[in-house]
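Here is the structure we will look at, set down as structure tokens.
Quick note on labels: first sequence line is chain A, next is B, and so on, each numbered from 1.
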Amino acid sequence: MRIATYNINGINGRLDTLLAWLADTQPDIVCLQELKAPQAKFPERQLKEAGYASVWHGQSRWNGVAILSRDSEPVLTRRGLPRDSHPSQSRYIEAALNGLLVGCLYAPNGNPAPGPKWDYKLRWLKQFTAHAKQLLALDVPVILAGDYNIIPAERDVYNPDRWRNDALFLPEVRKAYASLLKQGWCDAIATIHPDKPVYTFWDYLRQAWERNAGLRLDHLLLSPGLAARLKDAGVNRVMRGRPKASDHAPAWIALDIK
DNA sequence: ATGACATCATTATGATGA
């Protein structure tokens, strides 16, 4: 079974790109972020015709998350986090499918730091971490995939010093990520690729893609039972090089189930 | 430090992103 996460940066503006990628790579489960579409403008029909059933949490202009599933209907278990301080921001959706519980997240960016957006990011990560703990306690296979907006470590950024004071890399968010992992989650990409940098994002600016000036921001976290089934992981870098690409590329894992 | 580039919304400019 293959599961992917992709910050699509506008699902309607990039629907052809998304459909081509689905046809090429045929992931079983997909987590999407930054739909940038209101609930009513989600392309449910086109995805259905491509063989994917969807649940989604839309929002006009910004944010928005969705879970797609091939061969099965995802059963929605939650939209938004418990005790969400900004419930109007669509940043979390969760569904049961294929015997798994899948959480799809789009964490706040947090810039500029310090400031209210930074405070919101730390608060959101705290709520997310508390929810993740609850999910682990259920003792079912869980995957938490999405755009965490966190650079976990120095090796996950082309030039750490350039990002030292950025909300993606400040010690507080790296600590938040570390404490999440300490609950027992497995960072799939870091586990499969412990040494080499594996970027998932390249800025549109300053020819970041051409220079491979990338960041690893998109993560797939596995509960312990699933971690034992992890076979492979990677990034579809080719998607970032296409015309009109999202600034993120899809990150994927392969699990030894079914 | 600034701005380069992209999204969507609304129509030439603004908010947001990372």
Side-chain angles (χ1 to χ4, degrees), chain A residues 5-19 21 32-43 46 56-66 86 88-92 104-125 128 145-174 176-177 189 197-219 235 237 239-251:
Chain A
T5 180
Y6 190 8
N7 181 321
I8 191 69
N9 188 14
I11 191 170
N12 288 310
R14 241 180 283 285
L15 186 56
D16 291 346
T17 301
L18 176 62
L19 293 174
W21 171 70
L32 297 174
Q33 303 85 33
E34 283 208 79
L35 304 179
K36 294 188 173 178
Q39 189 72 6
K41 291 236 176 104
F42 183 87
Q46 292 93 324
W56 67 98
H57 191 194
Q59 179 185 339
S60 184
R61 293 191 196 203
W62 299 305
N63 310 320
V65 284
H86 290 60
S88 61
Q89 297 199 17
S90 302
R91 296 186 177 277
Y92 186 76
C104 170
L105 65 138
Y106 175 50
N109 173 298
N111 279 306
K117 293 188 175 178
W118 170 244
D119 295 340
Y120 172 47
K121 178 175 195 170
L122 295 182
R123 210 160 50 235
W124 194 93
L125 288 173
F128 176 71
D147 181 353
Y148 283 71
N149 267 318
I150 296 173
I151 302 166
E154 306 253 329
R155 70 181 174 91
D156 298 314
V157 48
Y158 65 99
N159 177 4
D161 286 335
R162 152 78 179 79
W163 294 85
R164 205 64 73 185
N165 296 313
D166 193 281
L168 308 186
F169 196 48
L170 280 165
E172 287 93 330
V173 294
R174 292 159 66 185
Y177 192 75
I189 299 226
V198 181
Y199 303 142
T200 66
F201 167 88
W202 298 260
D203 207 310
Y204 287 123
L205 312 173
R206 296 172 295 261
Q207 297 183 296
W209 168 246
E210 289 79 0
R211 295 185 293 122
N212 195 28
L215 312 174
R216 188 168 75 99
L217 302 179
D218 302 272
H219 311 305
V235 174
R237 285 175 61 107
M239 295 304 295
R240 182 60 182 84
R242 298 236 172 118
K244 297 260 297 170
S246 167
D247 41 6
H248 295 250

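The partner of B:dT2 cannot be assigned: no Watson-Crick or G-U wobble pair with both contacts below 3.5 Å exists in any strand. The partner of B:dC8 is B:dG14, judged by Watson-Crick or G-U wobble contacts that both fall below 3.5 Å.
What separates CG of A:Asn12 from P of B:dT7 is a distance of 13 Å, to the nearest Å. Protein atom NZ of A:Lys41 is 8 Å distant from nucleotide atom P of B:dT10, rounded to whole Å. If you take CZ of A:Arg240 and P of B:dC5, they are 13 Å apart, rounded to a whole angstrom. A:Gln59 places its CD atom 13 Å from the C1' atom of B:dA9, with the value rounded to the nearest Å. Atom pair A:Ile8:CD1 and B:dG17:C1' shows a separation of 16 Å (rounding to whole Å applied). For the pair A:Trp62 CH2 and B:dA6 C1', the computed distance is 15 Å after rounding to whole Å. Nucleotide B:dG3 holds its C1' atom 14 Å from the CD atom of A:Gln207, rounded to whole Å. Spacing between atom CG of A:Leu32 and atom C1' of B:dT7 amounts to 16 Å, rounded to whole angstrom units.
No engagement by A:Asn63 is indicated, since no non-hydrogen atom pair under 4.0 Å with the nucleic acid exists. Across all strands shown, A:Tyr106 has heavy atoms under 4.0 Å from sugar-phosphate atoms exclusively, and none from any base. Among the atoms of the strands shown, none is found under 4.0 Å from any heavy atom of A:Asp247.
Ranking B:dA6, B:dT16, B:dA4 by closeness to the A:Leu205 side chain, first place goes to B:dA4. Side-chain proximity of A:Lys36 to the nucleotides B:dC8, B:dG17, B:dA15 is greatest for B:dC8. In the set B:dA9, B:dA4, B:dT7, B:dA9 carries the atom at the smallest distance from any side-chain atom of A:Pro38. Taking every side-chain heavy atom of A:Arg206 into account, B:dA4 is the closest of B:dG17, B:dT7, B:dA4. For A:Glu34, the listed nucleotide lying nearest its side chain is B:dG17; candidates were B:dT16, B:dG17, B:dG14.
For B:dT2 and B:dC8, the P atoms lie 28 Å apart once the distance is rounded to whole Å. Between B:dA15 and B:dG3, the two P atoms lie 15 Å apart (nearest whole Å). Taking the P atom of each, B:dG14 and B:dA4 are spaced 15 Å apart, rounded to whole Å. Annotation: B:dT10 and B:dT16 have their C1' atoms spaced 16 Å apart (nearest Å).
Judged by closest nucleotide on DNA chain B, A:Tyr204 is the one of A:Tyr204 and A:Leu168 placed further toward the 5' end. In this structure, A:Arg61 and A:Asn7 both approach DNA chain B, and ranking their closest nucleotides by distance from the 5' end singles out A:Arg61.
Regarding the sugar-base torsion, B:dA4 falls in the anti class, its angle being beyond 90° of 0.
Using bins of under 30°, 30° to 60° and over 60° for the plane-to-plane angle, the ring pair A:Tyr120/A:His86 lands in the tilted bin. Taking the six-membered ring for Trp and thresholds of 30 and 60 degrees, A:Tyr199 and A:Trp202 have ring planes more than 60 degrees apart, a perpendicular arrangement. A tilted orientation is assigned to the rings of A:His219 and A:Tyr148, their planes being inclined by 30° to 60°.
Taking 4.0 angstrom as the limit, A:Arg14 places a side-chain polar atom (N or O) nearer than this to OP1 or OP2 of B:dT7. Residue A:Lys117 places at least one side-chain N or O under 4.0 Å from the OP1 or OP2 atom of B:dG17.
In summary, A:Arg14 and A:Glu34 do not engage in a salt bridge, as defined by a charged side-chain N under 4.0 Å from a carboxylate O.
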Output, in order, the C-alpha distance, side-chain angles, deciding distance and verdict of side-chain contact (heavy atoms from CB on, under 4.5 Å) for A:Val173 and A:Leu125.
CA-CA 8 Å; A:Val173 294; A:Leu125 288 173; 3.9 Å; yes
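Atom CD of A:Gln39 sits in a crowded spot, with more than 12 heavy atoms from other residues, nucleotides or ligands closer than 6.0 Å.
Seen from the ring of A:Phe201, A:Arg216 does not count as a face-on cation partner, given the 6.0 Å and 45° thresholds.
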